[in-house]
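Lettering of chains follows the sequences in order, A, B, ..., and the numbering in each one begins at 1.
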2 protein chains.
Amino acid sequence: MLALQRSNIEDFPGNPMDRTDASLIALRRILRATELYGRELAQAAGLTAVQFRVLQVVAETRYCTPTDISNRMGVSLATVTSLVDKLVKQGMVHRERAKIDRRQMNIVMTEKGEAALNTAPDALQQRYVRRFEAMKDWEQAQLVSSLERIAAMLDAEDLDASPVLDMGDFRKSQ
Amino acid sequence: MLALQRSNIEDFPGNPMDRTDASLIALRRILRATELYGRELAQAAGLTAVQFRVLQVVAETRYCTPTDISNRMGVSLATVTSLVDKLVKQGMVHRERAKIDRRQMNIVMTEKGEAALNTAPDALQQRYVRRFEAMKDWEQAQLVSSLERIAAMLDAEDLDASPVLDMGDFRKSQ
DNA sequence: TCCATTTACTTCGAGTGACTAAGTAACATT
DNA sequence: AATGTTACTTAGTCACTCGAAGTAAATGGA
């Protein structure tokens with residue numbers, strides 16, 4: 001859960017809605033859309049959202065280890081172990097001991113895992129990309145500039161810069 | 001979990017990074033920032049992120065009932081019951097039977113709850129709002145327009161239009 | 001070489017958050 | 001008064017998460 005709230009700046013009565021609010025509302029809609037999409041996607045794929053994300057990371061990463069997944073997703077190694085367990089049980093991935101360093105495990109996609117990833121309903125993603133690419137050049141540029149500006153305002157940490165929008169489960173505070 | 005990925009459009013080699021990717025990366029940074037903020041906030045407040053969100057809803061809503069919370073957060077009534085239980089146990093809120101309709105419970109903030117909300121580290125929110133309001137008028141307008149456009153592209157569902165950015169836990173697919 | 005340390009991962013135990021289904025209590029309708 | 005509806009809680013179950021403790025392999029001296 002996250003909640004950004006407006007600061008306590010008083011609106012003049014009759015002020016319809018100031019831009020700060022408008023921007024926060026739009027941001028909220030964006031987060032909400034991605035959240036709902038995550039649920040939908042996971043449901044249709046027969047996987048939970050988090051499990052699906054693991055599958056994506058595995059697919060993206062060569063010689064993917066639990067530590068890789070842990071770093072990419074921002075969860076503990078213990079959590080990764082249990083997530084991978086579930087994916088193994090479902091035949092989506094399997095573990096292979098790494099040859100170079102036998103402490104490491106490589107998490108490897110199975111065909112079933114590939115299939116699950118590929119047939120996932122990527123409605124949101126497709127819609128977004130399609131619409132984005134339908135825009136005029138200058139509009140795209142404007143949008144990117146705005147997004148980057150907002151990201152900077154939120155002071156997002158440095159991330160691996162893969163073109164993946166990723167909203168992991170974030171309950172850390174237990 | 002959510003993952004927006006780029007569609008399978010081939011980049012020409014040497015193409016540094018197209019705008020679709022850039023926009024997705026920026027979006028990801030935004031989601032990630034909000035996610036991390038949620039964790040941080042929850043940790044410092046001694047509440048989990050979801051519990052904190054309940055507190056916010058209670059604070060915002062007059063005569064707040066479990067059903068209100070359920071609707072605002074998009075979780076089941078049973079979940080609300082258990083969340084409120086925890087907040088009650090911590091002395092953040094208490095239950096009062098409604099006078100008009102004695103089936104309803106009103107969830108009411110305690111002073112401790114108010115304090116927890118007010119002293120919450122709202123670093124992200126403050127930073128965002130401060131920076132937003134420091135921008136020039138036309139820049140604000142531009143940003144709002146971009147955000148709203150993106151929200152529309154993602155086709156976010158209709159939401160209560162409160163100026164609250166809210167990213168609830170979204171595991172529904174169990 | 002051998003022992004201590006570090007690294008990589010798993011296991012264990014426990015808490016939160018989420019759901020559905022079934023239950024209780026109060027209001028509403030007939 | 002009987003029936004239905006609404007509001008909420010209880011009970012049971014499962015997923016995700018963590019920290020702490022454990023195992024196994026590599027590494028780095030002495």
Side-chain angles (χ1 to χ4, degrees), chain A residues 1-2 35-36 38-39 42-43 45-55 63-71 73-90 92-107 167-174, chain B residues 1-2 35-36 38-39 42-43 45-55 63-71 73-90 92-107 167-174:
Chain A
M1 191 285 300
L2 168 147
E35 169 198 328
L36 293 175
R39 295 182 182 183
Q43 217 151 20
L47 294 166
T48 68
V50 176
Q51 288 168 8
F52 191 83
R53 174 65 185 140
V54 172
L55 220 48
Y63 306 112
C64 182
T65 66
T67 300
D68 291 335
I69 299 172
S70 169
N71 291 335
M73 293 183 60
V75 298
S76 74
L77 218 39
T79 301
V80 172
T81 296
S82 90
L83 293 174
V84 170
D85 282 348
K86 281 164 197 156
L87 289 174
V88 168
K89 222 171 273 174
Q90 293 182 75
M92 298 294 185
V93 302
H94 61 94
R95 289 182 166 97
E96 275 175 15
R97 203 157 275 287
K99 277 140 200 152
I100 344 101
D101 184 338
R102 292 182 45 74
R103 288 170 304 183
Q104 292 184 348
M105 299 299 297
N106 289 138
I107 314 300
M167 195 174 85
D169 195 338
F170 41 77
R171 282 168 307 151
K172 272 282 178 52
S173 52
Q174 300 186 16
Chain B
M1 189 287 297
L2 167 148
E35 170 198 327
L36 293 174
R39 295 182 181 183
Q43 218 150 19
L47 294 166
T48 68
V50 176
Q51 288 167 7
F52 192 84
R53 174 64 185 142
V54 172
L55 220 49
Y63 304 113
C64 183
T65 66
T67 300
D68 290 336
I69 300 172
S70 168
N71 291 336
M73 294 184 60
V75 300
S76 74
L77 217 40
T79 301
V80 173
T81 296
S82 92
L83 293 174
V84 171
D85 281 349
K86 280 162 198 156
L87 289 175
V88 168
K89 218 172 277 173
Q90 291 183 76
M92 298 294 184
V93 301
H94 61 94
R95 290 182 166 98
E96 275 176 16
R97 202 157 276 287
K99 278 143 201 151
I100 346 103
D101 183 340
R102 292 181 48 74
R103 287 170 304 183
Q104 292 184 349
M105 298 299 297
N106 288 139
I107 314 300
M167 195 172 86
D169 195 339
F170 44 76
R171 281 166 309 151
K172 275 283 180 50
S173 54
Q174 296 188 19

**Report entry** Rounded distance in Å - CD (A/Gln104) to P (C/dT10)
**Finding:** 11 Å
Requested in this report: Return the nearest nucleotide to the side chain of B/Leu77; candidates are D/dT17, D/dC8, C/dC9.
Outcome: D/dC8
At a cut-off of 3.5 Å, list every protein nitrogen or oxygen paired with a nitrogen or oxygen from nucleotides 21-30 of chain C, distance to 0.1 Å.
from   : atom 1 : to       : atom 2 : distance (Å)
C/dC27 : OP1    : B/Arg102 : N      : 3.2

Report summary line: Scanning both residues in full, the closest heavy-atom pair of B/His94 with B/Val88 reads CA-CG2, 4.3 Å
Requested in this report: May I have the distance from A/Glu96 (atom CD) to C/dC9 (atom P), rounded to whole angstrom?
Outcome: 14 Å
Query raised in the report: Atom CZ of B/Phe52 and atom C1' of C/dT16: how far apart are they, to the nearest Å?
Result: 17 Å
Report summary line: note: B/Lys89, atom NZ; D/dT9, atom C1'; distance rounded to Å ~ 14 Å
Query - Interatomic distance where CZ belongs to A/Arg53 and C1' belongs to D/dA15 [whole Å] - result: 18 Å
Requested in this report: Compare the minimum distances between each of D/dC18, C/dT10, D/dA15 and the side chain of A/Ser76, then state the nucleotide with the smallest one.
Outcome: D/dC18
Query raised in the report: If we ignore angles and hydrogens, is there a donor and acceptor under 3.5 Å between the side chains of B/Asp68 and B/Thr65?
Result: yes
Query - Candidates B/Val93, B/Thr79, B/Ile107, B/Leu83 - the one meeting side chain to side chain contact (heavy atoms under 4.5 Å, CB included) with B/Val54 - result: B/Leu83
Query raised in the report: Can you name the side chain to side chain donor-acceptor pair (under 3.5 Å) partners of B/Ser70, sequence neighbours left out?
Result: none
**Report entry** Nucleotide nearest A/Thr81 (side chain, heavy atoms from C-beta), chosen from D/dA7, C/dT10, D/dT9
**Finding:** C/dT10
Query raised in the report: In whole angstrom, what separates B/Ile69's CD1 from D/dT9's C1'?
Result: 14 Å
Requested in this report: Take atom CE of B/Met105 and atom P of D/dT9, then tell me their distance rounded to the nearest Å.
Outcome: 6 Å
Requested in this report: Choose from C/dT16, C/dA18, C/dT11 the nucleotide whose nearest atom is closest to any side-chain atom of B/Val50.
Outcome: C/dA18
Query raised in the report: Are B/Gln90 and B/Gln51 close enough that some pair of their side-chain heavy atoms sits under 4.5 Å apart?
Result: yes
Report task. Calculate the interatomic distance between A/Leu83 atom CG and D/dA15 atom C1'; express it in whole Å. Result -> 9 Å
Query raised in the report: Does any N or O in the side chain of B/Arg95 come within less than 3.5 Å of the main-chain N or O of B/Met105, such that one atom is a donor and the other an acceptor?
Result: no
Report task. Would you indicate what A/Ser82 reaches in the nucleic acid, counting non-hydrogen atoms under 4.0 angstrom: base, sugar-phosphate, or nothing? Result -> base
**Report entry** Counterpart residues, salt bridge (charged side-chain N to carboxylate O under 4.0 Å, His left out), relative to B/Arg103 (two or more places apart)
**Finding:** B/Asp101
Report task. When you get a sec, tell me which of D/dC18, D/dT9, C/dA8 is the closest nucleotide to the side chain of A/Thr79? Result -> D/dC18
